[in-house]
Engineer: 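One structure, as structure tokens, below. Some questions next.
Naming: A, B, ... by sequence-line order, numbering from 1 per chain. These figures come from a predicted structure and were not determined experimentally. Just so you know, these numbers use all the heavy atoms, side chains as well, and skip hydrogens, waters and symmetry mates.
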Amino acid sequence: MDKLQPFEKDFYRGSTVEVARRLIGQYLCRESEQGTVYGSIVETEAYLSSNDPACHASVGRTGRNTTMFGPAGRAYVYLIYGLYYCFNVVTGPESEGEAVLVRAIEPAGGLGLMKKRRGPSCSPANLASGPGKLCHAFAIDKSLDGHELQKKPLYIAENKNATRYNRIKATPRIGISVAQDRLLRFVVPGNKYLSRREPIG
DNA sequence: GTTAAGATCTGCT
DNA sequence: GCAGATCTTAACG
């Protein structure tokens with residue numbers, strides 16, 4: 001495999017929606033003592049600071065969401081339903097409280113290690129096709145909350161074949177009970193590693 | 001101190 | 001398709 005070069009902080013500048021779209025097709029890489037896993041991001045969701053009650057930051061700064069109010073380009077990791085972690089990329093100006101949730105990844109390297117973590121009978125399409133699943137496959141937990149994504153052991157790097165993912169579609173976000181009308185989820189249409197299949201039509 | 005809800009996943013029917 | 005698992009967080013008293 002070619003050496004993967006992490007993006008610099010400039011990559012995370014711009015609006016949260018821009019970054020959410022820019023992340024599609026790029027590599028998420030995770031190094032550990034067990035080995036390295038990486039894959040292409042195929043599904044993201046934007047969470048905004050204004051007029052977005054679904055965003056954790058909408059209630060102001062709390063213990064859990066403090067990282068969201070830090071500088072862009074860091075990881076925001078939290079536990080949901082007492083069981084699963086969700087991995088976000090902090091975006092927007094500092095103190096703004098915006099982030100992009102990474103919901104699904106198409107595995108590209110370290111498939112064996114992902115399988116070891118997720119279970120031997122787990123199919124490739126099921127390894128990281130959802131926020132909780134991808135955190136499990138990538139061994140992402142609360143210890144990485146606040147980590148800067150420009151460096152090891154967790155970083156985002158350029159995928160030179162990202163043109164394959166040039167088509168991006170906006171859809172409603174998943175799993176939220178408010179602001180369901182906003183088209184802030186971005187997917188590679190028809191990709192088989194999404195957390196949900198394309199709605200028909 | 002107590003309680004209700006949550007950016008989910010899995011297994012069973 | 002649906003219910004159950006499982007527990008932290010934050011709001012309230």
Side-chain angles (χ1 to χ4, degrees), chain A residues 12 15-17 19-21 23-24 28 39 41-70 72 74-92 96-107 114-147 149 154 156 168-188 192-200:
Chain A
Y12 303 97
S15 78
T16 293
V17 168
V19 176
R21 303 183 74 109
L23 282 167
I24 298 284
L28 177 68
I41 298 170
V42 294
E43 178 176 346
T44 61
E45 284 181 4
Y47 286 86
L48 309 179
S49 60
S50 61
N51 198 22
D52 185 6
C55 181
H56 285 172
S58 65
V59 295
R61 193 187 297 238
T62 66
R64 175 174 67 169
N65 67 23
T66 294
T67 304
M68 284 183 89
F69 291 88
R74 290 187 182 176
Y76 167 47
V77 181
Y78 68 92
L79 189 65
I80 188 67
Y81 298 117
L83 292 170
Y84 303 104
Y85 290 101
C86 290
F87 167 70
N88 301 248
V89 178
V90 177
T91 55
E96 191 70 14
E98 303 200 330
V100 174
L101 171 68
V102 178
R103 289 188 55 90
I105 280 172
E106 175 178 338
M114 290 190 210
K115 211 165 185 173
K116 185 175 167 188
R117 288 171 176 153
R118 292 270 299 127
S121 60
C122 189
S123 72
N126 196 31
L127 282 173
S129 54
K133 298 181 197 174
L134 89 84
C135 282
H136 190 187
F138 279 64
I140 295 172
D141 63 22
K142 199 101 170 69
S143 70
L144 287 165
D145 184 40
H147 171 76
L149 292 169
L154 180 67
I156 293 168
I168 297 175
K169 182 176 177 183
T171 77
R173 291 174 294 184
I174 290 180
I176 55 175
S177 56
V178 291
Q180 292 167 331
D181 55 322
R182 305 192 67 176
L183 301 180
L184 292 174
R185 172 175 176 252
F186 303 97
V187 303
V188 179
K192 68 188 259 199
Y193 298 92
L194 299 179
S195 64
R196 312 232 172 150
R197 286 314 167 92
E198 279 294 285
I200 42 178

Engineer: Kindly say if Arg103(A) contacts the phosphate of dT8(B), meaning a side-chain N or O under 4.0 Å from OP1 or OP2.
Structural biologist: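 So the side chain of Arg103(A) is within the cut-off, an N or O lying under 4.0 Å from OP1 or OP2 of dT8(B).
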Engineer: Calculate the interatomic distance between Arg173(A) atom CZ and dT8(B) atom P; express it in whole Å.
Structural biologist: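 About 11 Å, once rounded to whole Å.
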Engineer: State, with a plain yes or no, whether a side-chain heavy atom of Tyr47(A) is found less than 4.5 Å away from one of Thr91(A).
Structural biologist: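 Counting from C-beta outward, Tyr47(A) and Thr91(A) never come under 4.5 Å.
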Engineer: Is there a donor-acceptor contact under 3.5 Å from the side chain of Arg118(A) to the main chain of Leu127(A)?
Structural biologist: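 Pair found, side chain donor or acceptor close to backbone of Leu127(A).
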Engineer: What stems show up for DNA chain C when you take Watson-Crick pairs (N1-N3 plus N6-O4 or O6-N4) and G-U wobbles (N1-O2, O6-N3), both under 3.5 Å, and require three or more consecutive pairs?
Structural biologist: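 Counting only runs of 3 or more consecutive pairs, the stems involving DNA chain C are B:1-6 with C:7-12, B:8-12 with C:1-5.
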Engineer: OP1, OP2 of dA5(B) versus side-chain N and O of Ser177(A): anything below 4.0 Å?
Structural biologist: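 Answer is no, no contact under 4.0 Å.
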Engineer: For Phe186(A) and dA7(B), give me the distance from atom CZ to atom C1', rounded to whole Å.
Structural biologist: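 Between C1' of dA7(B) and CZ of Phe186(A): 15 Å.
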Engineer: Between the main-chain N or O of Ala99(A) and the side-chain N or O of Asn88(A), is there a donor-acceptor pair closer than 3.5 Å?
Structural biologist: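 No; judged by distance alone, with no hydrogens or angles, the pair does not exist.
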Engineer: Between Glu43(A) and Val187(A), is there a side-chain heavy-atom distance shorter than 4.5 Å?
Structural biologist: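 Val187(A) vs Glu43(A): side chains touch.
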Engineer: Taking CD from Glu45(A) and P from dG6(B), how many angstroms apart are they, rounded to a whole number?
Structural biologist: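 After rounding, the gap between these two atoms is 15 Å.
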Engineer: Keeping Asp145(A) on the side-chain end and Lys142(A) on the backbone end, is there a donor-acceptor pair under 3.5 Å?
Structural biologist: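 A pair under 3.5 Å: no.
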Engineer: Rounded to whole Å, how long is the line connecting atom OH of Tyr78(A) with atom P of dT8(B)?
Structural biologist: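 It works out to 7 Å between those atoms.
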Engineer: Starting at atom NZ of Lys133(A), determine the distance to atom C1' of dA7(B), rounded to an integer number of angstrom.
Structural biologist: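 The answer, rounded to whole Å, is 15 Å.
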Engineer: Nearest-Å distance, CG (Leu48(A)) to P (dA7(B))?
Structural biologist: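 Rounding to the nearest Å, CG of Leu48(A) and P of dA7(B) are 15 Å apart.
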Engineer: Considering non-hydrogen atoms only, spot the tightest contact between Leu154(A) and His147(A) and give its length.
Structural biologist: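 Heavy-atom minimum between the residues: O-NE2, 2.9 Å.
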Engineer: Which residue is it: Arg173(A), Arg103(A), Arg21(A)? I am looking for the one with a salt bridge (Lys or Arg N to Asp or Glu O under 4.0 Å) to Glu45(A).
Structural biologist: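 Among the candidates, only Arg103(A) passes.
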Engineer: Tell me, for nucleotides 5-13 of chain C in 5' to 3' order, what letter each nucleotide earns: B for a base near a protein heavy atom under 4.0 Å, S for only sugar-phosphate near one, - for neither?
Structural biologist: BBBSSS---
Engineer: Output yes when at least one side-chain N/O atom of Arg196(A) is less than 4.0 Å from OP1 or OP2 of dT8(B), else no.
Structural biologist: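 So the side-chain polar atoms of Arg196(A) never come under 4.0 Å of the phosphate oxygens OP1 or OP2 of dT8(B).
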Engineer: For Tyr76(A), check ring pair (Phe, Tyr, Trp, His ring centres under 6.0 Å) against everything at least two apart and list the hits.
Structural biologist: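 For Tyr76(A) the ring pair (Phe, Tyr, Trp, His ring centres under 6.0 Å) partners, ignoring immediate neighbours, are Tyr78(A).
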Engineer: Using a 4.0 Å heavy-atom cut-off, does Ile176(A) contact any base of the nucleic acid, only the sugar-phosphate backbone, or nothing at all?
Structural biologist: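 Ile176(A): backbone/sugar contact only, no base atoms under 4.0 Å.
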Engineer: If I take atom CE in residue Met68(A) and atom P in nucleotide dA7(B), what distance separates them, rounded to the nearest angstrom?
Structural biologist: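 Distance, rounded to whole Å: 11 Å.
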Engineer: With heavy-atom distances below 4.5 Å as the criterion, would you say the side chains of Glu96(A) and Thr16(A) are in contact?
Structural biologist: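 No; the side chains remain at least 4.5 Å from each other.
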